[in-house]
Visitor: 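Mind having a look at this structure? Questions to follow.
Order of appearance sets the numbers: ligands from 1, and atoms from 1 within every ligand.
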Amino acid sequence: MSDNYLFSRLTAFGASTPNKAFATQPDTDAQSFGTTLNNALRLAAVLQNAGLKPGDRVAVQVEKSLTAIELYLATVAAGGIFLPLNTAYTASELSYFLTDAAPAIVVCDPAREAEIVPLANAAHVFTLDKNGQGSLTAALTEAVITPVARSADDLAAILYTSGTTGRSKGAMLSHDNLYSNAAALKEHWRFTSEDVLIHALPIFHTHGLFVATNIALVSGATLHFLKSFSPDQIIAALPTATSLMGVPTFYTRLLQDARLTPQLCATMRLFVSGSAPMLVDTHEQWQARTGHTILERYGMTETNMNTSNPYDGARRPGTVGMPLPGVELRIMDNAQDVAQGDIGTIEVRGPNVFKGYWQMPEKTAEELRPDGWFITGDLGQIDADGYVSIVGRGKDLIITGGFNVYPKELESLIDDIDGVLESAVIGLPHPDFGEAVVAVVVPSNPALTAEAVKAVATEKLAKFKQPKQILLLPELPRNTMGKVQKKALRDTYANLFT
Ligand code: AMP
């Protein structure tokens, strides 16, 4: 074994075509693949000089920049394990991650250095700001490393899950977990070096770091690299782009912009959405406004991408399509396959599925079966044509008076009511029922009343499913990836019935 499995595969295009633009950014010159790879190998030399050994973790909490992408490649090249951390994490959260992961190197924003050094234990702390400046890049010389040999099963990254229940867990991802998924997605979504992909996602999460970045690296596509989501910058980028990867909120925000027209999207071939469910209404509006049908896919930190709507063929709103080539998916209830069309827990198996949770063998054993099936915790069903739909997270399932209520069924019904923008259905503690169904509804029309929603629920739903209360709110709480924070809603209204 002399090859660095992931690094050599992610950089094969760039090594053979160094002059091609890897990334363009507003107000700066394009950066080539050759420069990106060279910078990565120079950064890898800095990491090695600071003592990084194969298998060591490099914890990184920095603003989005091309240098941060190069640092990811540098860590992989040096045989390290890249560990990106959400920029929103506070000192007490960081303290947990840095103690748990025991990184050899920590890279943080200069503004947080004083706060982070005491939490970093014995790690070497470098700084890196949003412009790529800091002690990390100050240490660069012309020296480069030869990539350290690593095999398909060696770890390349640890990504902590968002930890909505209990402690965050570090999902261990191997070289082949990342490469196999990038290769499958490149084929499935037809990425080539002709593509220009708008990259406006954060790079501490699987979507922006792996899906968008790795696809561009393996296919030779150019990134329109934006520091964050800004409708103005996306509108400016669309006329020279071919593709966009976003969370549903990108699309709902862009739909509010009058400049979104078919002409603006004339060079585009693909709009991808994932990380959170997209409303059927958003799909339909996007179609009507741009002439393009959004392709929705489903994945998670632990598994990379699992399913995708087809590239050719019907992209069905409200579904996440079929398993990607090489990925198996089944719906289970009590360790049995459910009948066709029934709801159960989604399990997946394939080269995309992670190696377990960092230093949590019991958690790993609870969720990863010995034969490779991963219990995702998502509830889903498969229709007669093989399209998978996500019905919600298992923990969002409501059990009221002994009956199961799947929030998605109610949310779809409520979202279809005139004057409703969107909704979130949650279970709240209730003295009689255990949990009571509550619908949190965001009106699109200020004239909407709770009574109007109640009338539809009474007409269409079995009594046990009908919301005991309907709350009208101006918006739903969401995280940076656009996921509705049902836990925040449950916490806020915990005492509604008690
Ligand atoms: P994360 O690990 O942060 O990427 O979150 C993964 C979770 O996001 C999955 O387990 C799903 O619950 C949810 N998710 C991702 N993509 C979709 C989608 N297209 N539709 C519905 N839920 C999704």
Visitor: Note the single closest protein heavy atom to atom 19 (N) of ligand 1, along with its residue, its atom name and the distance in Å.
Guide: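 Checking every protein heavy atom, the shortest distance to atom 19 (N) of ligand 1 gives R297 O, 2.7 Å.
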Visitor: Any ion pair linking D312 and R190 (charged N to carboxylate O, less than 4.0 Å)?
Guide: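 Yes, charged N to carboxylate O under 4.0 Å.
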Visitor: Is a donor from one side chain sitting under 3.5 angstrom from an acceptor on the other, for Y311 and R269?
Guide: yes
Visitor: Output yes when the distance from some N or O of ligand 1 to some N or O of E302 is under 3.5 Å, and no in every other case.
Guide: no
Visitor: Heavy atom of T161 under 4.0 Å from ligand 1?
Guide: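 No; T161 lies far enough from ligand 1 that no heavy-atom distance drops under 4.0 Å.
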Visitor: Counting heavy atoms only, which of A171, S273, S275 comes nearest to atom 16 (N) of ligand 1?
Guide: S275
Visitor: Does T376 come within less than 4.0 Å of ligand 1, judged by its heavy atoms?
Guide: no
Visitor: Could you go through the side chain to side chain contact (heavy atoms under 4.5 Å, CB included) check for F97 and Q61 one step at a time?
Guide: CA-CA 11 Å; F97 295 122; Q61 189 196 38; over 6 Å; no
Visitor: Using a strict 4.0 Å cut-off to heavy atoms of R393, name the atoms of ligand 1 that fall inside it.
Guide: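 With R393 as reference, the close atoms of ligand 1 come out as 10 (O), 12 (O).
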Visitor: Got the closest protein heavy atom to atom 9 (C) of ligand 1, with its distance?
Guide: D378 OD2, 3.3 Å
Visitor: Around atom 2 (O) of ligand 1, find the nearest protein heavy atom and jot down its residue, atom name and distance.
Guide: T301 OG1, 2.6 Å
Visitor: Determine, considering heavy atoms only, which of S389, G380, P248, A276 sits nearest to atom 17 (C) of ligand 1.
Guide: A276
Visitor: Could you tell me the residue and atom name of the protein heavy atom closest to atom 5 (O) of ligand 1, and the distance to it rounded to 0.1 Å?
Guide: K483 NZ, 2.9 Å
Visitor: For residues F210 and Y72, establish whether the separation of their ring centroids is below 6.0 Å.
Guide: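 Yes: the rings meet the under 6.0 Å criterion.
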Visitor: May I ask you to decide whether K355 forms a salt bridge with D153, counting only side-chain N to carboxylate O separations under 4.0 Å?
Guide: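 Counted as a salt bridge, because a side-chain N and a carboxylate O are separated by less than 4.0 Å.
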Visitor: Please say whether the positively charged group of R9, taken as NZ for Lys or CZ for Arg, lies over the ring of F13, i.e. under 6.0 angstrom from the six-membered ring centre and within 45 degrees of the axis.
Guide: no
Visitor: Does atom CD of Q340 have more than 12 heavy-atom neighbours from other groups under 6.0 Å away?
Guide: yes
Visitor: I need the atoms of ligand 1 closer than 4.0 Å to a non-hydrogen atom of V320, numbered in the order shown.
Guide: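 Near V320, meaning under 4.0 Å from one of its heavy atoms, ligand 1 has 18 (C), 19 (N), 20 (N).
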Visitor: Please report which non-hydrogen protein atom sits nearest to atom 6 (C) of ligand 1, along with the residue it belongs to and the distance in Å to one decimal place.
Guide: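 For atom 6 (C) of ligand 1, the nearest protein heavy atom comes out as M300 CB, 3.4 Å.
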Visitor: Decide whether the shortest distance between a heavy atom of M481 and an atom of ligand 1 is less than 4.0 Å.
Guide: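 The answer is no: ligand 1 sits nowhere under 4.0 Å from a heavy atom of M481.
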Visitor: Can you tell me if CG on N334 sees more than 12 non-hydrogen neighbours from other groups inside 6.0 Å?
Guide: no
Visitor: Can you find an N or O of T206 that's nearer than 3.5 Å to an N or O of ligand 1?
Guide: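 T206 vs ligand 1: no N/O contact under 3.5 Å.
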Visitor: Could you walk me through whether T213 and H199 satisfy the side-chain hydrogen bond (donor to acceptor under 3.5 Å, both in side chains) test, starting with their C-alpha distance in whole Å, then the side-chain angles of each, then the deciding distance to 0.1 Å, before giving a yes or no?
Guide: CA-CA 8 Å; T213 306; H199 190 312; 3.2 Å; yes
Visitor: Show the atoms of ligand 1 that are less than 4.0 angstrom away from any heavy atom in H205.
Guide: 1 (P), 3 (O), 4 (O)
Visitor: For ligand 1, which atoms have a heavy atom of E296 less than 4.0 angstrom away?
Guide: 18 (C), 19 (N), 20 (N)
Visitor: Give the intermediate values and the outcome of salt bridge (charged side-chain N to carboxylate O under 4.0 Å, His left out) for residues K363 and E302.
Guide: CA-CA 13 Å; K363 286 272 172 220; E302 290 93 330; over 6 Å; no
